[in-house]
There are 2 protein chains.
Amino acid sequence: MVDKKKDTTTEAKILDAARKVFIAKGMAGARMQDIADEAGINKAMLHYYFRSKDQLFETIFKESVGNLIPRVKALLNADLPLFTKIEMFADNYISMAMQNPYIPMFVMNEVNRQPQAFIKKMFGNDPPDLSKLVEQIEQEVKKKNIVPISPVQLVMNLMSLCVFPFLGKPILSMVIGLDELQFKNIMEQRKKAVPEFIIASIKK
Amino acid sequence: MVDKKKDTTTEAKILDAARKVFIAKGMAGARMQDIADEAGINKAMLHYYFRSKDQLFETIFKESVGNLIPRVKALLNADLPLFTKIEMFADNYISMAMQNPYIPMFVMNEVNRQPQAFIKKMFGNDPPDLSKLVEQIEQEVKKKNIVPISPVQLVMNLMSLCVFPFLGKPILSMVIGLDELQFKNIMEQRKKAVPEFIIASIKK
DNA sequence: ATTTAATTTAACCAATTGGTTAACAAAAAT
DNA sequence: ATTTTTGTTAACCAATTGGTTAAATTAAAT
């Protein structure tokens with residue numbers, strides 16, 4: 001253990017607390033005092049380390065999405081077969097979301113709140129480029145490896161099948177009647193089930 | 001025209017404004033003053049007609065979901081072929097969401113906020129019962145009309161494919177690059193495309 | 001016409017919220 | 001050792017928020 005104290009730093013405590021509160025309650029619902037309490041420190045420290053609520057929020061937000069973006073971008077333009085990309089996206093995304101099940105809702109929510117600001121914060125200068133993937137899909141259609149399908153619909157389907165279960169978890173758990181463990185198992189299955197489902201639908 | 005003035009009633013103006021503001025900003029983000037301004041009336045009227053913010057919110061919330069619930073319940077237990085149910089669900093849900101594209105996010109969001117209270121508000125005494133649909137799916141599997149698939153996964157897939165595009169609209173519009181009209185067209189296509197996609201995947 | 005009830009308003013209130021400040025303590029640098 | 005910087009706190013502040021009230025206006029009932 002090189003540096004055991006690192007994650008009990010005041011700054012780290014603030015970030016942990018802020019992550020928890022912001023993700024649970026969103027930007028508008030979160031209170032600076034809640035975060036301070038959760039971190040077990042004085043509220044003034046929040047402003048000492050991060051100037052304002054906005055800035056603290058932005059830190060958490062970037063952190064939440066920041067991990068995923070580069071991986072998605074890499075995958076999009078990777079030189080891999082279409083089916084492999086589908087399999088990898090599902091596995092990657094679902095694995096990530098299982099570790100942080102509330103991030104998808106948190107992100108989706110804040111993107112909805114201010115779609116403008118989001119683009120900048122998230123992607124900075126270069127937004128993800130789907131053109132290569134789209135072309136790849138069109139190629140597969142042309143080669144008659146898959147049925148004719150609009151690339152947009154296919155991408156939408158893939159994202160839907162991977163992301164929605166985490167957004168709708170409370171509703172799904174309720175309607176279908178799942179406890180925490182069952183949900184986890186279903187999601188574990190889904191890493192394989194989603195690509196299989198998609199491929200079964202489009203493969204010729 | 002029996003009663004032309006009905007929708008310019010103060011109460012109606014409040015409801016219209018509240019719907020707009022709550023759906024746009026969520027419970028925590030919405031301000032009573034915003035709603036009053038939007039309705040062009042004095043803030044005190046909000047409390048005169050609806051005792052509190054909570055109560056006004058609940059009115060809007062119930063109204064937002066209330067329309068859908070009975071239709072879903074009816075469909076679940078209807079005496080119709082599985083494929084027909086899938087087709088009808090997709091068409092019904094997507095049509096509804098196209099008319100009120102922000103409701104799905106609004107509802108999902110508030111369900112996440114307090115899943116407990118939601119059940120009561122939403123379903124009252126009798127929550128939706130999936131058992132008939134589940135049995136139906138199992139039957140189709142047994143009869144080898146469809147490939148072996150977990151009913152839970154299938155239901156999750158159907159909901160994902162219908163609901164997610166509206167939750168992720170800003171992200172999708174951004175990533176894929178869609179304007180309002182294109183999005184609308186894609187969703188219109190989807191009423192048929194989703195059932196086709198599912199059925200192609202599971203039909204034997 | 002006059003009383004009564006329903007609506008609407010402006011002014012006000014207490015509580016909460018994000019944020020600041022000045023004093024104080026602990027480390028680091030000298 | 002002592003100055004200086006960094007970290008921390010309690011008290012405070014102005015603005016905002018949901019909510020109230022008493023007076024004024026309008027509509028309904030008598």
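Protein chains get the first letters and strands the later ones, always in sequence-line order, with residue 1 at the start of each.
- Residues A:Ile171 and B:Met108 have side chains in contact (heavy-atom distance under 4.5 Å, counting atoms from C-beta outward).
- A sub-4.0 Å separation between OP1 or OP2 of D:dT8 and a side-chain N or O of A:Thr10 is present.
- When distances are taken from the side chain of A:Ser52 to each of D:dT8, C:dG19, C:dT7, the shortest belongs to C:dG19.
- Looking at B:Lys85, its side chain never comes within 3.5 Å of a backbone N or O of B:Asp79 through a donor-acceptor pair.
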Quiz item: Do A:Glu196 and A:Arg190 pass the salt bridge (charged side-chain N to carboxylate O under 4.0 Å, His left out) test, and can you show the C-alpha distance, the side-chain angles, and the key distance before you say yes or no?
Solution: CA-CA 9 Å; A:Glu196 280 169 14; A:Arg190 242 177 132 69; over 6 Å; no
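- For the pair A:Lys43 and B:Glu11, both in contact range of DNA chain C, the more 5′-proximal nearest nucleotide belongs to B:Glu11.
- Side-chain atoms of B:Ile41 lie closest to C:dT9 of the nucleotides D:dG19, C:dG18, C:dT9.
- Note on A:Arg51: every side-chain N or O is 4.0 Å or more away from OP1 and OP2 of C:dG19.
- Position along DNA chain C of the nearest nucleotide to A:Ala44 versus A:Ala30 favours A:Ala30 as the more 5'-ward residue.
- We find that CZ of A:Phe57 is positioned 18 Å from P of C:dT17, with the value rounded to whole Å.
- One can place CG of B:Asn42 at 12 Å from C1' of D:dG19, the figure rounded to the nearest angstrom.
- For D:dT8, one of the phosphate oxygens OP1 or OP2 lies less than 4.0 angstrom from a side-chain nitrogen or oxygen of A:Tyr49.
- Nucleic acid contact class of A:Met32 (heavy atoms, under 4.0 Å, all strands): sugar-phosphate only.
- Computed from coordinates, the B:Met45 CE to D:dT21 C1' distance equals 14 Å when rounded to whole Å.
- Proximity note for B:Lys53 (side chain, C-beta onward) versus D:dT8, C:dG19, D:dG18: the nearest is D:dG18.
- The environment of OH in A:Tyr102 is sparse: at most 12 heavy-atom neighbours from other residues, nucleotides or ligands sit within 6.0 Å.
- B:Tyr48 places its OH atom 15 Å from the P atom of D:dT21, with the value rounded to the nearest Å.
- When distances run from any side-chain atom of B:His47 to the nucleotides C:dG19, D:dG19, C:dT9, the shortest one goes to D:dG19.
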